[in-house]
Number of protein chains: 2
Amino acid sequence: MAEELNAPRASAEKGHPSQAASDEPIRARNVLKILTAAVEIFSRKGLDGARIVEIAKASGLPKGNVYYYFSSKEEIYNAAIDRLIHSWDDAFRHISADREPGEAIEAYIRAKLDHARENAAETRLFANEILQGAVHLSTEARDHMRTVTSEKARVIDIWAMAGKIEKVDARHLFILLWSATQFYAEFEALACDALHVSQLKVADYNLAAKTITETVLRGLLTRPS
Amino acid sequence: MAEELNAPRASAEKGHPSQAASDEPIRARNVLKILTAAVEIFSRKGLDGARIVEIAKASGLPKGNVYYYFSSKEEIYNAAIDRLIHSWDDAFRHISADREPGEAIEAYIRAKLDHARENAAETRLFANEILQGAVHLSTEARDHMRTVTSEKARVIDIWAMAGKIEKVDARHLFILLWSATQFYAEFEALACDALHVSQLKVADYNLAAKTITETVLRGLLTRPS
DNA sequence: AAAAAACTTGACCAGATTGTCAACTTCTTT
DNA sequence: AAAGAAGTTGACAATCTGGTCAAGTTTTTT
């Protein structure tokens, strides 16, 4: 209902995928401005806490213009959330049965940390959404994450059965890795306090990667003793 | 300014610590009701996202009554936040130089996980506050946490110098332990999906403790090889 | 039991917030 | 260059929200 408003929007909603940004420069640019600002604000305040004037101001557009592209705050939020899911898979791709567990897990940790650092706002937004109970995550998105997790858990099991790593609960292991790699972006204020720095730099992320990798891998890899 | 309103409140604000709940049954009971409800709501929505009518409803008191005990939403929030800090130290007490690192760290992990499970709402509230930039954490609270962290980091260093554990960056190690132990309470929805359960039970927490402990300790403890 | 203090409550207010819209400007098409 | 589509904008309305308060009830004190 009320989906037919803002007619021009609909025409571009599921536009021909062959024609990208240059096809609709103004719309694409402004939608991007809005979503970028929205991710930043939503990631700190959540859906209910964010004020759309704040998003409008951060995007450099007047409020009325924001409503030209999106019909409600929820719609902006959902659009922002939808973009998060795909980033889930990327790092996970490293967990593959045909690789050696040591380098695969190290690569995974690095990829996760890099992603969190380079997409801190998105990472926080995701955290915020889960904190609130994942109410706005589509069931498809959750199903997808579940499926990928199961798939990758089997890789861990295969490595364990092959004697390449110690026996470990794969799902809890993933949680251990997720939590550690996302922490620095999500709880930057706390990490800064703990590390006695005023701002996380690349060096801090490198030492984080080293600490996580060494600690976990040393505990995981079987040794030819 | 405007601090003199609600006069009776002030009289009990810093009341004689010798007389506890039974001294002011009604006030103590209602303040507790409000704070309990507030922690639950704030932990999901944050300061700006929470509606005080919602807190009022959850506490079973009419809104006007809530304002009889607290003069603003911020005051409720700060009161809720203040209670979090002390729980910080409790688990940390296990990290002590005169204990064996293996059992000390295991006890620490267990204590942290237990605390997160038993105080899920508080744990989420803390996470939410840090996510938003820790703006409402008093500087004393942050200083305290920093101090305790430094103190305990030295214990790790002592263990490492004594050759009892591998060399590791103590602060990043703590972050690894914090993130893993808090994850289950903060991101329960995600953990449930990952573990293929609809609700976390004690058994899940036990397996979490086992996985974290074994993985980290196996990677940390030096072996008499 | 009377008075005072503590507590309760729903109605109310002012400002904030979401969402609308008509008039306007800019871009695209022909 | 004309016409139509797309985009812009500030003003506006309806609702929501934080916070107040006066009038009432209950509890405590004397």
Side-chain angles (χ1 to χ4, degrees), chain A residues 1-13 15-16 19 21-35 37-38 41-42 45-79, chain B residues 1-13 15 19 21-34 37-38 41-42 45-80 136:
Chain A
M1 49 285 303
E3 283 295 331
E4 309 319 323
L5 291 177
N6 292 4
R9 177 169 53 84
S11 69
E13 197 80 278
H16 331 278
Q19 308 149 315
S22 62
D23 187 48
E24 284 173 332
I26 298 177
R27 165 169 294 268
R29 172 164 35 95
N30 283 346
V31 166
L32 186 68
K33 271 185 195 169
I34 294 168
L35 284 181
I41 308 287
F42 281 137
K45 305 288 192 74
L47 172 58
D48 295 316
R51 298 289 106 100
I52 52 129
V53 269
E54 216 181 341
I55 293 175
K57 197 178 292 179
S59 71
L61 267 47
K63 188 185 58 162
N65 207 354
V66 171
Y67 275 101
Y68 175 71
Y69 291 106
F70 295 93
S71 64
S72 71
K73 189 163 76 163
E74 269 78 9
E75 194 178 306
I76 305 179
Y77 188 81
N78 286 330
Chain B
M1 51 282 303
E3 281 297 330
E4 310 317 324
L5 291 177
N6 293 3
R9 178 169 53 84
S11 68
E13 197 81 276
Q19 308 150 316
S22 63
D23 185 48
E24 283 172 334
I26 298 176
R27 163 168 295 268
R29 171 164 35 94
N30 284 345
V31 165
L32 186 68
K33 272 185 196 169
I34 294 167
I41 308 288
F42 281 137
K45 306 287 193 75
L47 172 58
D48 295 317
R51 298 289 107 99
I52 52 129
V53 269
E54 217 181 341
I55 293 174
K57 196 177 294 179
S59 71
L61 268 46
K63 187 182 62 160
N65 206 355
V66 171
Y67 275 100
Y68 175 72
Y69 291 106
F70 296 92
S71 62
S72 71
K73 188 162 79 162
E74 268 77 10
E75 194 178 306
I76 306 180
Y77 189 80
N78 287 330
H136 300 274

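Below, read A as the first sequence line, B as the second, and so on, with proteins coming before strands; counting in each chain starts at 1. As the structure is a prediction and not an experimental result, all values here were calculated from the model.
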Contact summary for A/Ile76 and A/Ala38, nearest pair of heavy atoms
CG2-CB, 3.5 Å

Just N and O in the side chain of B/Tyr67: are any of them under 4.0 Å from OP1 or OP2 of D/dG19?
yes

Separation of B/Phe70 atom CZ from D/dG18 atom C1', in whole Å?
16 Å

Does any N or O donor sit under 3.5 Å from an N or O acceptor when you compare the side chain of A/Lys63 with the base of C/dG19?
yes

Between OH of A/Tyr69 and C1' of C/dT18 the distance, given in whole Å, is 20 Å

Which of residues 46-60 of chain B have a heavy atom under 4.0 Å from DNA chain D?
B/Ala50, B/Arg51, B/Ile52

Proximal nucleotide (of D/dG7, C/dT8, C/dC7) relative to the A/Ile26 side chain:
D/dG7

Could you walk me through whether A/Val31 and A/Phe70 pass the side chain to side chain contact (heavy atoms under 4.5 Å, CB included) check?
CA-CA 9 Å; A/Val31 166; A/Phe70 295 93; 4.0 Å; yes

Phosphate oxygens OP1/OP2 of C/dT8: is one of them under 4.0 Å from a side-chain N or O of B/Asn30?
yes

How close or far is atom C1' of D/dA11 from atom CG of A/Asn65, stated in whole angstroms?
15 Å

Rounded interatomic separation in angstrom, taking CZ from A/Arg29 and C1' from D/dA6:
13 Å

Salt bridge (charged side-chain N to carboxylate O under 4.0 Å, His left out) contacts touching residues 52-71 of chain A (sequence neighbours left out)
A/Lys45-A/Glu54

Is the phosphate of D/dA6 approached by A/Arg27 (side-chain N or O, under 4.0 Å from OP1 or OP2)?
no

Is there a side-chain polar atom (N or O) of A/Tyr68 under 4.0 Å from OP1 or OP2 of D/dT8?
no

A/Lys73 has a side chain; which of C/dG19, D/dG7, C/dA6 sits nearest to it?
C/dG19

With sequence neighbours excluded, residues passing side-chain contact (heavy atoms from CB on, under 4.5 Å) with B/Lys73:
B/Phe42, B/Leu47, B/Ile52

